[in-house]
Undergrad: 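Structure below; questions to follow.
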Amino acid sequence: MRYVLMIGFDEDTVTEEQARSGCEGWSEEMTRRGVLVTAAGLRPKSEATTVRVRDGEVLLTDGPFAETKDQIGGFTVIECSGLDEAVAIAAAHPFARYGSIEIRPLQGAPLP
């Protein structure tokens with residue numbers, strides 16, 4: 001089963017040291033275990049653009065769509081046996097200590 005882990009945190013409260021430490025070997029361990037499919041961090045929310053189309057008009061908004069302090073700062077796709085293993089993998093992620101990890105199953109077959 002494939003899951004996406006969406007890594008959320010408040011960019012204003014994450015320390016520079018926490019941001020620099022990144023995944024602290026977590027990615028290497030998940031690669032060794034054979035569960036890591038892909039992962040990437042996202043640039044700051046100040047660089048986001050949100051697109052909406054209403055009545056045929058393209059509307060652009062600077063910043064993220066969600067008006068909340070916590071933002072998605074990165075994502076990871078894992079392949080594991082099920083939700084219990086996905087929870088254990090997410091709980092081991094360093095960002096779970098000061099942010100949140102949303103686990104969501106992927107729908108359908110992956111694209112090539």
Side-chain angles (χ1 to χ4, degrees):
M1 181 83 183
R2 284 194 176 186
Y3 294 90
V4 66
L5 308 180
M6 292 179 281
I7 299 137
F9 56 92
D10 181 347
E11 289 179 350
D12 297 329
T13 62
V14 170
T15 67
E16 190 174 317
E17 181 182 330
Q18 290 167 326
R20 265 198 326 267
S21 69
C23 295
E24 302 173 340
W26 182 89
S27 296
E28 292 79 9
E29 172 63 15
M30 295 306 122
T31 298
R32 187 190 65 71
R33 289 177 50 185
V35 298
L36 183 66
V37 176
T38 190
L42 300 176
R43 301 282 301 165
K45 65 183 178 185
S46 61
E47 297 182 34
T49 301
T50 299
V51 177
R52 295 179 190 83
V53 177
R54 300 295 183 268
D55 297 322
E57 183 180 354
V58 176
L59 307 171
L60 299 178
T61 305
D62 290 338
F65 173 74
E67 296 195 19
T68 177
K69 287 206 171 267
D70 282 353
Q71 299 296 323
I72 300 299
F75 70 92
T76 300
V77 177
I78 59 172
E79 187 162 357
C80 57
S81 62
L83 183 58
D84 289 341
E85 186 179 7
V87 168
I89 290 168
H93 195 289
F95 271 80
R97 289 179 246 153
Y98 42 85
S100 64
I101 311 286
E102 180 178 337
I103 302 169
R104 202 174 299 181
L106 289 178
Q107 183 172 317
L111 296 173

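These numbers were taken from a predicted model, which means no experiment stands behind them.
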Undergrad: Are any side-chain N or O atoms of Tyr3 and backbone N or O atoms of Val77, one a donor and one an acceptor, separated by less than 3.5 Å?
TA: no
Undergrad: Tell me, do Val4 and Thr76 make a side-chain contact under 4.5 Å, heavy atoms counted?
TA: no
Undergrad: According to salt bridge (charged side-chain N to carboxylate O under 4.0 Å, His left out), does anything in residues 81-90 pair up with another residue at least two apart or in another chain? List the pairs.
TA: Arg33-Glu85
Undergrad: So, for Met30 and Ile89, which heavy atoms are closest and what is the spacing to 0.1 Å?
TA: SD-CG2, 3.8 Å
Undergrad: Are Tyr98 and Phe9, when compared by the centres of their aromatic rings, separated by less than 6.0 Å?
TA: no
Undergrad: Can you tell me how far CZ of Arg104 sits from CG of Leu5, rounded to the nearest 0.5 angstrom?
TA: 11.5 Å
Undergrad: Roughly how far, to the nearest 0.5 Å, is CZ of Arg32 from OG of Ser27?
TA: 13.5 Å
Undergrad: Taking all non-hydrogen atoms of both residues into account, name the closest pair between Ala96 and Ile101 and its distance.
TA: CB-CG1, 3.9 Å
Undergrad: Distance check, rounded to the nearest 0.5 Å: Ile78 atom CD1 versus Leu36 atom CG?
TA: 9.0 Å
Undergrad: Suppose we screen for side chain to side chain donor-acceptor pair (under 3.5 Å). Which residues come up paired with Glu47, at least two apart in sequence or across chains?
TA: Arg43
Undergrad: Does Arg54 come within less than 4.0 Å of Glu57, counting only side-chain N to carboxylate O?
TA: no
Undergrad: Which heavy atom in Ala86 sits nearest to a heavy atom in Ile103, and how many Å separate them?
TA: O-CD1, 3.8 Å
Undergrad: Are Pro105 and Met1 packed together at the side-chain level, in the sense that at least one heavy-atom pair is separated by less than 4.5 angstrom?
TA: yes
Undergrad: Within this structure, what is the CD-OG1 distance for the pair Glu79 and Thr38, rounded to the nearest 0.5 Å?
TA: 13.0 Å
Undergrad: Run the side chain to side chain contact (heavy atoms under 4.5 Å, CB included) check on Val53 and Leu59 step by step: do they pass?
TA: CA-CA 6 Å; Val53 177; Leu59 307 171; over 6 Å; no
Undergrad: For Thr49 and Thr61, what are the C-alpha separation, side-chain angles and deciding distance, and is it a side chain to side chain contact (heavy atoms under 4.5 Å, CB included)?
TA: CA-CA 6 Å; Thr49 301; Thr61 305; over 6 Å; no
Undergrad: Is the backbone N or O of Ala90 less than 3.5 Å from a side-chain atom of Trp26, with the two atoms forming a donor-acceptor pair by type?
TA: no
